Amino acid sequence: MSETEAVRSEEPPLLAVIGAAGLCGRYVLEAARRAPFRVRAVVHGPAGRARVADLGADEIVEADLAEPDSVRQAVKNADFVFMIPPAFHPEEDVFAIRALEAAEHAGARRFVYLSVLHPHTPGLRHHLRKANAEAAVRGSDLDWTILQPSMFAQIVLSTWGRAPAGPVDVPFDVHHRFSFIDLRELAEVGVKVLSEQGHDSATYELAGPTTTPAEALRIAGRVRGVELEARTVDWAKAPLPPGVADDPSRGPDMRAMWQDYDRHGLRGNSNVLRMLLGREPASFEEAATAFDVP
């Protein structure tokens, strides 16, 4: 064993969280702070650095996922890598595979990839990109785990749950059923599969309790002390959110997602999440009550 390897083996393992500045990444950082890791938050730039500055990471590094050398430097000496790809990015599968290759090059012990519930859904290109990345992860010699979460409760709360009292426009059928996962529990599971043995070569479908957007927004309003009434609007005409609206490569994929939600909703089974947590998954009301706007 070299001197460098000996020093590395005596320290707590180093976890690199790629995509740490996003909504999900910040919950992962908070959960990792309570685990036996040194944590490196990998962000895209100065704005991301500022967003995670108070979350207790041991290191914050900037990386351009489009540059292989930048990603390799970001995960250098990492024992574990948790990859959160940028949502709706047309190259999110390329970025995920690049992160996997960098983790292999770094000699990492384990790689966790954040995918999506039902990645092989026809017509959802951003889901299919995640399925493509999953295939690469499964072909790796690293210990790996793939997490397939349902819709984040916090996405609903931040996108529509903060609306003024009254009608709230939602670009898909608000009476279809969706499974919502509390990001606190997704982060808890992510840290669990990194810090425990026995989760290698596993693909975990992580679906929270099921309800409708109409009921979810009623709950969000009740928690805030206002009345919110979800109403369905045309997915093809609804305004795109900031960031997506400014990027012509992302808008069509988001509208395709809304169209699929309008037809089918997005449901999963909570058994795996319940098993991993060792308790009942949080309800949407519990997620709404604890929600703190970033």
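For the single chain, residues carry numbers from 1 onward in sequence order. Just so we're clear, the structure is a prediction, and the values are computed from it rather than from any experiment.
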Item to complete: Taking atom NE2 of His176 as the centre, report whether more than 12 heavy atoms of other residues, nucleotides or ligands fall under 6.0 Å from it.
Response: yes
Please list every donor-acceptor pair under 3.5 Å in which a side-chain atom of residues 84-95 meets a protein atom from a residue at least two apart or in another chain.
{"residue": "His89", "atom": "ND1", "partner": "Glu91", "partner atom": "N", "Å": "2.9"}
{"residue": "Glu92", "atom": "OE1", "partner": "Lys130", "partner atom": "NZ", "Å": "2.8"}
{"residue": "Asp93", "atom": "OD2", "partner": "Asn132", "partner atom": "ND2", "Å": "2.9"}

| request: Please confirm whether the backbone N or O of Ser158 pairs with a side-chain atom of Arg162, one donor and one acceptor, at under 3.5 Å? | output: yes
Is the number of heavy atoms from other residues, nucleotides or ligands under 6.0 Å of Arg263 CZ greater than 12?
-> no
Side-chain donor or acceptor of Thr232 paired with backbone N/O of Val174 under 3.5 Å: yes
Q | 4.5 Å side-chain heavy-atom contact, Met151 and Val156 | A | yes
*Under the 3.5 angstrom rule, does the side chain of Arg40 hit a backbone N or O of Leu14 as a donor-acceptor pair?*
no
Please report the C-alpha distance between Glu188 and Lys192 in whole Å, then the side-chain angles of each, then the deciding distance to 0.1 Å, and finally whether the salt bridge (charged side-chain N to carboxylate O under 4.0 Å, His left out) criterion is met. CA-CA 6 Å; Glu188 179 181 339; Lys192 181 184 181 75; over 6 Å; no
### Message
Please check this pair: side chain of Ser115 against backbone of Leu147, looking for a donor-acceptor N/O pair closer than 3.5 Å.
### Response
no
**No-hydrogen, no-angle side-chain donor-acceptor test under 3.5 Å, Glu104 and Ser140** = yes
For Val193, is there any backbone N or O sitting under 3.5 Å from a side-chain donor or acceptor partner on Arg110? yes
Taking the basic N atoms (NZ, or NE/NH1/NH2) and the acidic carboxylate oxygens, is any pair closer than 4.0 Å for Glu215 and Arg218? yes
Any donor-acceptor N/O pair, Ser150 side chain to Ser179 backbone, under 3.5 Å:
yes
Are Phe172 and Phe178 close enough that their ring centres sit under 6.0 Å apart? yes
Review point. Would you find more than 12 non-hydrogen atoms of other residues, nucleotides or ligands less than 6.0 Å from Arg49 atom CZ?
Key: yes
*If you measure from the Lys or Arg side-chain nitrogens to the Asp or Glu carboxylate oxygens, is any gap between Arg125 and Asp253 under 4.0 Å?*
yes
